[in-house]
There are 2 protein chains.
Amino acid sequence: MARKTGSHSEITGPRIRAAAEHLFARHGYAAVSMRQIAAEVGVQAGALYLYTPDKQSLLADLMRAHLEGLLAACAALPEAPGPEARLAQFARFHIGYHIERPDAVFIAYMELRNLEPANFAAIEALRRQYEDRLEAILRDGRAAGAFTIPDTKLATLALIAMLTGVTNWYREGGRLGRAEVEAIYADMALKAVGATGIAG
Amino acid sequence: MARKTGSHSEITGPRIRAAAEHLFARHGYAAVSMRQIAAEVGVQAGALYLYTPDKQSLLADLMRAHLEGLLAACAALPEAPGPEARLAQFARFHIGYHIERPDAVFIAYMELRNLEPANFAAIEALRRQYEDRLEAILRDGRAAGAFTIPDTKLATLALIAMLTGVTNWYREGGRLGRAEVEAIYADMALKAVGATGIAG
DNA sequence: ATGGTAACTGACCAGCCGTTCAATTCAACC
DNA sequence: GGTTGAATTGAACGGCTGGTCAGTTACCAT
């Protein structure tokens, strides 16, 4: 009993990545076996190795894909007028993008320690690129006198931690909708850096 | 070759917990074997089971001990005058306590999914108790007109995420000392909830 | 000196791990 | 209708897993 109907290579590959993302997020990279992933796809473990050289690459590829998508989407944002608007836009974007991909976000933040050094360096570089986007907004805003920030790097990390925290509790269909959460968090982010004007 | 000198039971127990905490934080619960823990203590794997019924209890005990210590220390805080002072005190306490226990914090936030349901419920209840402390501060402050908060629960989660994020990057002997970090974060926390007075 | 016992070893258990690969199956092409 | 080759199976590899336990050691009280 090999393949059943039609050519599967273009279907099985994405299905493996989806199953791995789902299982890694739920149980953690180290706790998930290749056989579990294969079972979720409906295939034998050996077949996975037609699509990934090993388990580690499966993890690294998921994380890289997520961060590259995040960076691309961030770069595609329209230019906003003024520091407050830029920060509000970033906050809303960050929450929206993360809320829609809870599994990928979870993995990207929790499985860093399971990456081999080379993969870790690559992923870390992408993460830093994204942080730099926010840091630039804060730096410019401070230079323009729009924000009150004792330390730009600290404010960057604090805001990202706050905004990303949404993924820990947000559930579709919960008490608050996505738009409300975005508005509330954008408002808090602006206030936290002492924004004078209102652009939430 | 059994025990070498003196009675070890009061030494080996804590050493096992310390080794487990260290290794779980570094590599993750699922990725650490009982034999690795035993090796770090300088003992054979079987000896671990004189001090813990199984690996799962080792994890649950570490998390429970951490959260109970956190709650006790929080409860021992002197009463602060007014909402701003209370929030500033909480922010400083939270950062200080977490900064000093990076391994325990890491485990408490990352290994929840590796807890069996019964243990998870117990740990989650402790975590919620701690959140309620902050939420009470915010609720009282809002009622007193000191804070501007659209949603108290959201603000609670946002602040905790922001404050806890410090443990992701803070290193002893880094660019900023503990006192500076506490001051900057307490200030941001106050501003984020629209505190009118200054009590950072 | 000797018996008791707390502390620990080291071998063992069944079972799962990531990974490999010869053999098989089946759609597509000639 | 036979051939090709991509897709997949299923068994196997050595090695590691959490956990058990009979046996050994070294301290302590007597």
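Residue numbers start from 1 in every chain, and the chains themselves are labelled A, B, ... in the order their sequence lines are given, proteins ahead of strands.
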Residue pairs passing the side-chain hydrogen bond (donor to acceptor under 3.5 Å, both in side chains) test with at least one member in residues 64-74 of chain B, sequence neighbours excluded, are B:D61-B:R64

Cationic N near anionic O, under 4.0 Å, B:R26 to B:D103
no

Open item on the list: Just checking B:Y130 against B:F90, ring centres under 6.0 Å apart?
Closed with: yes

Rounded to whole Å, CD of B:Q44 lies from C1' of C:dC12 at a distance of 13 Å

Atom CG of B:L50 and atom P of C:dT9 are separated, to the nearest Å, by 10 Å

Salt bridge check: are A:K191 and A:D187 linked by an N-O gap of less than 4.0 Å?
yes

Checklist line | CA sep, side-chain torsions, deciding dist, call: B:S57, B:D54, side-chain contact (heavy atoms from CB on, under 4.5 Å) | finding: CA-CA 6 Å; B:S57 303; B:D54 49 33; 2.8 Å; yes

Identify each donor-acceptor pair in which a side-chain atom of residues 157-169 of chain A lies under 3.5 Å from a protein atom, sequence neighbours left out, and give them as a table.
{"unit_1": "A:T164", "atom_1": "OG1", "unit_2": "A:H94", "atom_2": "NE2", "d": "2.8"}
{"unit_1": "A:T164", "atom_1": "OG1", "unit_2": "A:I160", "atom_2": "O", "d": "2.7"}
{"unit_1": "A:T167", "atom_1": "OG1", "unit_2": "A:T164", "atom_2": "O", "d": "2.7"}
{"unit_1": "A:W169", "atom_1": "NE1", "unit_2": "A:Y185", "atom_2": "OH", "d": "3.4"}

A correct 5'-to-3' footprint of nucleotides 16-22 of chain D, with B, S and - meaning base, sugar-phosphate only and no protein heavy atom under 4.0 Å, is -BBBBB-

Between CD1 of A:I11 and P of C:dA27 the distance, given in whole Å, is 14 Å

A:L48 atom CG is separated from C:dC17 atom C1', nearest whole Å, by 13 Å

- Does A:Y51 place a side-chain N or O at less than 4.0 Å from the phosphate oxygens OP1/OP2 of D:dA7? no

- Query: Can you tell me if the side-chain N/O atoms of B:T12 get under 4.0 Å from OP1 or OP2 in C:dC8?
  - Reply: yes

